[in-house]
There are 2 protein chains.
Amino acid sequence: MDSKTKNRPLTPPPDGGRPTLKTIAFMTGLGITTVSRALKDAPDIGAETKERVRLVAKQIGYQPNRAGVRLRTGKTNVISLVLTLEEEIMGITSPMVVGITEVLAGTPYHLVVTPYSATKDALAPIRYILDTGAADGVIISRTEPHDPRVALLTERGLPFVTHGRTEMGVVHPYHDFDNERFAYEAVRELVERGRKRLVLLEPPPHLTFYSHMRAGFERALRDFQADAVSFHHINIDHTLVEIRDAFETLMRSDDPPDGIVSGSGSGAIALIAGLEAAKKTLGKDADMVSKVPSDFLRWLRPEVVTMYEDIRVAGRELAKAVIGHIDGQPSETLQSLSQPEFQSAVPVSIKR
Amino acid sequence: MDSKTKNRPLTPPPDGGRPTLKTIAFMTGLGITTVSRALKDAPDIGAETKERVRLVAKQIGYQPNRAGVRLRTGKTNVISLVLTLEEEIMGITSPMVVGITEVLAGTPYHLVVTPYSATKDALAPIRYILDTGAADGVIISRTEPHDPRVALLTERGLPFVTHGRTEMGVVHPYHDFDNERFAYEAVRELVERGRKRLVLLEPPPHLTFYSHMRAGFERALRDFQADAVSFHHINIDHTLVEIRDAFETLMRSDDPPDGIVSGSGSGAIALIAGLEAAKKTLGKDADMVSKVPSDFLRWLRPEVVTMYEDIRVAGRELAKAVIGHIDGQPSETLQSLSQPEFQSAVPVSIKR
DNA sequence: CAGCGCTACTGTATCGTTACAGATTTATCG
DNA sequence: CGATAAATCTGTAACGATACAGTAGCGCTG
């Protein structure tokens with residue numbers, strides 16, 4: 001009876017602690033292995049046995065020990081969100097985290113935030129995750145056309161999804177905002193308002209969506225016959241003060257722009273400040289269309305036309321895509337593009 | 001030699017995988033136990049041995065397997081940030097996460113975000129963490145005077161820190177913003193500007209900082225001889241539209257306030273909208289002081305006096321406090337209060 | 001009725017780590 | 001010189017789970 005029933009615990013687990021497979025095995029009189037297999041609905045376990053095991057497991061609130069599973073199988077049940085510590089003024093991170101966790105809530109996955117200092121190597125956190133097997137899947141943003149993180153993750157076969165596309169001939173899951181379309185529609189809007197000399201506050205050139213936004217901008221300039229005013233020395237990664245100062249200078253120049261496309265909501269704030277520092281008035285001397293991640297600009301400066309990028313939805317899409325990738329779904333089916341939404345005016349109260 | 005050297009691996013670990021204690025044991029010719037103890041600087045290991053082990057460990061980039069440690073010791077090396085899914089418009093979460101991860105970066109701790117739906121039970125995530133042993137420490141916010149989460153965590157002995165204080169006679173680590181002081185100084189500022197009829201956009205009454213803010217507000221009203229205008233039916237948890245509409249009504253009333261203290265930055269936006277909907281002008285018909293978590297209000301509405309609450313610093317303090325609690329430091333030494341900072345005007349460029 | 005195949009279940013070994021209880025060697029003492 | 005202590009190192013078992021290789025019992029076939 002010694003060695004024969006070693007796997008069949010006749011001693012009640014000392015208890016006080018949380019239930020394990022052993023607890024269920026003891027309660028049902030089954031072997032630990034049987035319980036394990038019953039809970040994963042293995043084909044070699046009897047229907048009635050499965051039912052009994054499931055019932056007991058539910059009753060005592062059994063939850064598999066993550067460390068046990070992870071040690072044995074390597075499955076971490078962790079999704080890692082890799083972020084740069086340098087955050088944007090308007091905090092794109094919050095809604096993103098919310099969106100991701102909304103999706104993960106219905107799964108066994110936990111969300112771990114893995115930061116890196118932008119001054120250092122963006123590959124460092126990726127390497128860490130690969131080397132330590134810290135996650136089953138990774139979410140990365142600030143994607144570049146030839147992104148070494150994508151190359152490394154692909155090579156090592158770790159599921160991931162990017163917020164933004166790449167141009168490496170690698171098919172991988174992504175979610176992106178249609179920045180081409182955004183810029184195109186923004187120009188259309190400005191031209192419709194009679195603006196002809198347009199300026200773009202663009203993303204930093206090394207990020208993929210830089211070329212998307214520029215492409216949309218330039219295509220629209222051609223289609224709607226407007227002119228570009230150069231502002232390439234400044235981009236949305238510059239500080240607000242830098243943007244404002246540069247834009248003030250531009251607005252004081254001989255032939256200032258009369259239409260502004262802002263690739264970021266916080267950038268828009270600085271542009272407005274620069275414009276006003278140059279003694280110009282928004283809506284009169286120039287109009288502005290901005291991409292925004294929240295609706296406060298619409299509240300404070302309704303004269304700005306805003307196009308909403310729903311980061312929360314992006315978070316949801318990204319989470320679904322990584323999980324899909326982990327589950328082996330083909331990458332082609334895990335790609336999505338979200339369209340800019342023109343924001344309507346601030347809702348007017350009904351009671352008035 | 002069989003059983004005698006079972007712990008001393010003479011076979012090189014199949015390799016290709018990451019190094020483990022076994023790898024180091026093989027390379028040094030020591031036992032696994034010795035390596036383990038050498039790496040934690042145990043007193044019964046020779047100095048030279050420790051040196052050798054450390055060297056080899058460093059060379060091959062050994063990192064302890066988290067699952068192994070967790071399974072054996074129960075130590076998760078995880079800090080759990082418990083958040084409500086309902087996020088504030090101005091995203092307090094981003095800088096908070098950044099602050100926390102800044103501190104955790106220098107430690108073995110990972111940050112796991114554990115959300116809950118505010119419509120459901122705020123205790124649910126706490127119970128989950130306690131039941132599954134998911135974390136070594138917890139960070140919670142939106143603290144209430146008698147907070148059941150604090151009671152439960154204290155009772156079960158799981159280290160935690162709160163963002164906000166409690167009033168339960170339980171000494172526990174916290175970090176808080178001095179909302180009493182904020183409201184007091186806000187009133188002082190408004191009275192100095194000649195305002196006498198003041199209104200407060202307050203926190204929801206069930207949160208601890210509600211009474212702090214009110215206390216500061218009322219003490220200042222007495223000290224500086226100003227009057228309060230009632231606005232208790234609305235608080236910062238209401239939607240922007242609700243706040244705006246209610247405030248518009250108030251501003252259209254017979255005897256509207258001429259000074260506004262806003263307990264939240266997003267609330268301030270709605271208040272401004274309400275004021276302007278009532279055809280009043282900020283800075284003329286009324287002045288406003290608002291607590292803000294970022295500086296965009298200062299950029300867009302410089303006429304609002306803003307007091308900055310540095311959430312990133314709060315994140316850092318919270319992280320340090322949980323870790324301190326985990327390390328057994330007395331709770332009294334893990335409490336901190338940050339003071340409101342009057343924000344100066346938007347920095348003016350030097351080059352002008 | 002031996003032998004085969006099928007169903008339903010089980011024991012053992014293992015993932016990487018550490019607590020614990022030795023074991024070995026050398027130094028020290030009466 | 002035998003005993004005792006101190007210093008240093010080591011094997012075993014265990015944490016909870018699962019892969020794998022069985023085993024027991026049963027019905028069916030030739």
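A, B, ... follow the sequence lines: proteins, then strands. Residue 1 opens every chain.
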- Query: Is the distance from OP1 or OP2 of D:dT18 to the nearest side-chain N or O of A:K40 less than 4.0 Å?
  - Reply: yes

- Look at the side-chain N and O atoms of B:T34 and state whether any lies under 4.0 Å from the OP1 or OP2 oxygen of D:dT10. yes

- Note on the structure: From CD1 of B:I32 across to C1' of C:dA19 the rounded distance in Å is 15 Å

- Hey, what's the ring geometry for A:H163 with A:H175, parallel, tilted or perpendicular (30° and 60° as the breaks)? parallel

- Query: Within less than 4.0 Å of OP1 or OP2 of C:dT17, is there a side-chain N or O belonging to B:S36?
  - Reply: no

- Message: Check this for me: does any side-chain nitrogen of one of B:R156 and B:D131 sit under 4.0 Å from a carboxylate oxygen of the other?
- Response: yes

- So, do A:L39 and A:Y62 sit near enough that their side-chain heavy atoms are less than 4.5 Å apart? yes

- Message: Between C1' on C:dT18 and NZ on B:K22, what's the gap in Å once rounded to a whole number?
- Response: 16 Å

- side-chain contact (heavy atoms from CB on, under 4.5 Å) between A:K50 and A:D41, intermediate numbers included: CA-CA 7 Å; A:K50 283 182 189 170; A:D41 202 23; 3.0 Å; yes

- On DNA chain D, nearest-nucleotide positions of B:T73 versus B:K50: which is more 5'? B:K50

- State, with a plain yes or no, whether a side-chain heavy atom of B:V113 is found less than 4.5 Å away from one of A:L81. no

- Measure the distance from CG on B:D41 to P on D:dT8 and round it to the nearest whole Å. 13 Å

- Item | Distance test, side-chain N/O of B:T33 to OP1/OP2 of D:dC9, below 4.0 Å | no

- Separation of atom CG in A:L39 from atom P in C:dC9, rounded to whole Å: 13 Å

- Item | Given C:dC9, C:dG16, C:dT18, the nucleotide with the shortest approach to the side chain of B:L71 | C:dG16

- Candidate nucleotides D:dC15, C:dT14, C:dT12, ranked by approach to the side chain of A:R72 - the nearest: C:dT14

- Message: To the nearest 0.5 Å, what is the distance between OG1 on B:T162 and NE2 on B:H172?
- Response: 4.5 Å

- Atom-pair distance (CD1 on A:I24; P on D:dT18), nearest Å: 11 Å

- Query: Please give, in whole Å, the distance from D:dA17 P to B:R66 CZ?
  - Reply: 20 Å

- Task: Would you mind reading off the distance between A:N65 atom CG and D:dC15 atom P, rounded to a whole angstrom?
- Result: 11 Å

- Query: Checking all strands, does B:P64 fall into the base, sugar-phosphate, or nothing category for heavy-atom contacts under 4.0 angstrom?
  - Reply: sugar-phosphate

- B:L21 has an atom CG; how far is it from atom P of D:dC15, in whole Å? 19 Å

- Note on the structure: The nucleotide from C:dC20, D:dT18, C:dC9 with an atom nearest the side chain of A:V69 is D:dT18

- Kindly indicate whether the side chain of B:D44 and the base of D:dC9 share any N or O donor-acceptor pair separated by less than 3.5 Å? yes

- Item | Atom pair CD1 (A:I60) and CD (A:Q63), whose distance is rounded to the nearest 0.5 Å | 11.0 Å

- Query: Is B:V82 close to B:Y116 at the side-chain level, that is, under 4.5 Å between some pair of heavy atoms?
  - Reply: yes

- Please work out which residues in residues 124-136 of chain B have a non-hydrogen atom less than 4.0 Å from an atom of DNA chain D and list them by number. none

